[in-house]
Amino acid sequence: MHKNMIYYSQNRVQSNNFSLRARDAYDTAVNIQHLFKKRTGWFSSPKPIKIDDLCKDYKELCPDMESSFPGEIDKIFNPDIITQLGFPVDEHGMVHFD
C-alpha cells in the first residue's frame with residue numbers, strides 16, 4: 001500500500017477550482033500506483049513517467065470515467081493534484097513514484 005493512502009481516505013485533495021473527494025483521491029492514487037507497477041519489471045524500481053503519458057494511460061485504464069465525465073481526468077493530471085496524491089512532479093513534467 002502506498003504510504004499516503006490512509007491519508008487520502010480521510011482528506012480532500014484540491015488545487016485551484018478543482019477538488020477530489022477523499023474516496024476519489026484514494027481511488028486515483030491506487031490507479032496511478034497500478035500504472036507505475038504495470039511499467040515496472042519484477043525487481044526494478046518504478047521509473048518516472050511523463051505526466052501527459054500517465055494521463056493517457058489513465059484514460060485507457062478508466063474509459064468509463066472519461067466517457068461519463070469528459071475532461072475530469074485532464075483536471076486530475078494537474079501537477080499540484082498529482083503531487084498531493086503522493087506522486088511528485090518535477091519541473092520537466094515527470095511524475096515520480098515516491
Side-chain angles (χ1 to χ4, degrees):
M1 180 179 273
H2 196 268
K3 68 182 178 180
N4 291 328
M5 296 231 185
I6 294 169
Y7 173 81
Y8 300 123
S9 67
Q10 301 170 355
N11 295 295
R12 183 177 286 255
V13 173
Q14 57 190 14
S15 178
N16 298 324
N17 294 326
F18 180 75
S19 68
L20 289 172
R21 291 176 293 167
R23 181 60 198 201
D24 294 331
Y26 175 84
D27 290 345
T28 300
V30 168
N31 286 337
I32 292 172
Q33 183 179 30
H34 169 77
L35 291 171
F36 267 99
K37 288 182 177 183
K38 185 176 167 184
R39 289 180 171 220
T40 305
W42 275 91
F43 298 103
S44 303
S45 297
K47 294 186 177 11
I49 303 172
K50 189 156 190 66
I51 196 167
D52 295 339
D53 293 339
L54 192 58
C55 182
K56 180 180 168 243
D57 290 350
Y58 197 95
K59 288 177 182 180
E60 291 173 8
L61 180 67
C62 305
D64 292 340
M65 182 178 177
E66 181 63 13
S67 62
S68 298
F69 304 101
E72 288 297 299
I73 293 175
D74 292 321
K75 291 177 185 175
I76 292 170
F77 281 84
N78 168 313
D80 291 337
I81 296 286
I82 297 301
T83 298
Q84 289 177 56
L85 291 173
F87 303 93
V89 181
D90 68 24
E91 65 275 2
H92 303 292
M94 299 299 288
V95 182
H96 298 264
F97 188 89
D98 191 17

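These numbers were taken from a predicted model, which means no experiment stands behind them.
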Criterion side-chain contact (heavy atoms from CB on, under 4.5 Å) on Ser45 and Thr40, from CA distance to verdict:
CA-CA 7 Å; Ser45 297; Thr40 305; 6.0 Å; no
pair [X]-[Y]: side-chain heavy atoms closer than 4.5 Å:
X     : Y     : value
Tyr26 : Leu20 : no
Pro79 : Ile51 : yes
Phe18 : Asn78 : no
Met65 : Thr28 : no
Met94 : Ile49 : no

What are the two closest heavy atoms between [X] and [Y], and how far apart are they?
X     : Y     : result
Ile82 : Val89 : CG2-CG2, 3.8 Å
Val13 : Ala25 : CG2-CB, 3.6 Å
Gln14 : Ser19 : CB-CB, 3.5 Å
Pro48 : Phe36 : CA-CE2, 4.4 Å
Asp74 : Cys55 : OD1-SG, 3.4 Å

Working to the nearest 0.5 Å, report the span between NZ of Lys59 and CD1 of Ile73.
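It is 6.5 Å, given to the nearest 0.5 Å.
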Just verifying a value: how many Å separate Tyr58 OH and Ile32 CD1, rounded to the nearest 0.5 Å?
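Rounded to the nearest 0.5 Å, the OH-CD1 separation comes out at 6.5 Å.
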Examine distances only and state if a side-chain atom of Asp90 and a backbone atom of His92 form a donor-acceptor pair shorter than 3.5 Å.
yes
Is it true that a side-chain atom of Ser67 and a backbone atom of Asp64 form a donor plus acceptor pair closer than 3.5 Å?
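Pair found, side chain donor or acceptor close to backbone of Asp64.
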Could you work out, with side chain to side chain contact (heavy atoms under 4.5 Å, CB included) as the rule, every residue matching Glu60, not counting sequence neighbours?
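Once residues adjacent in sequence are excluded, the partners of Glu60 under the side chain to side chain contact (heavy atoms under 4.5 Å, CB included) criterion are Lys56, Asp57.
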Carefully, step by step, assess Val95 and Asp53 under the rule side-chain contact (heavy atoms from CB on, under 4.5 Å).
CA-CA 10 Å; Val95 182; Asp53 293 339; over 6 Å; no
Among residues at least two apart in sequence or on other chains, which ones pass salt bridge (charged side-chain N to carboxylate O under 4.0 Å, His left out) with Glu72?
Lys75
When the ring planes of Phe97 and Phe87 are compared, do they come out parallel, tilted or perpendicular, using 30° and 60° as the limits?
tilted
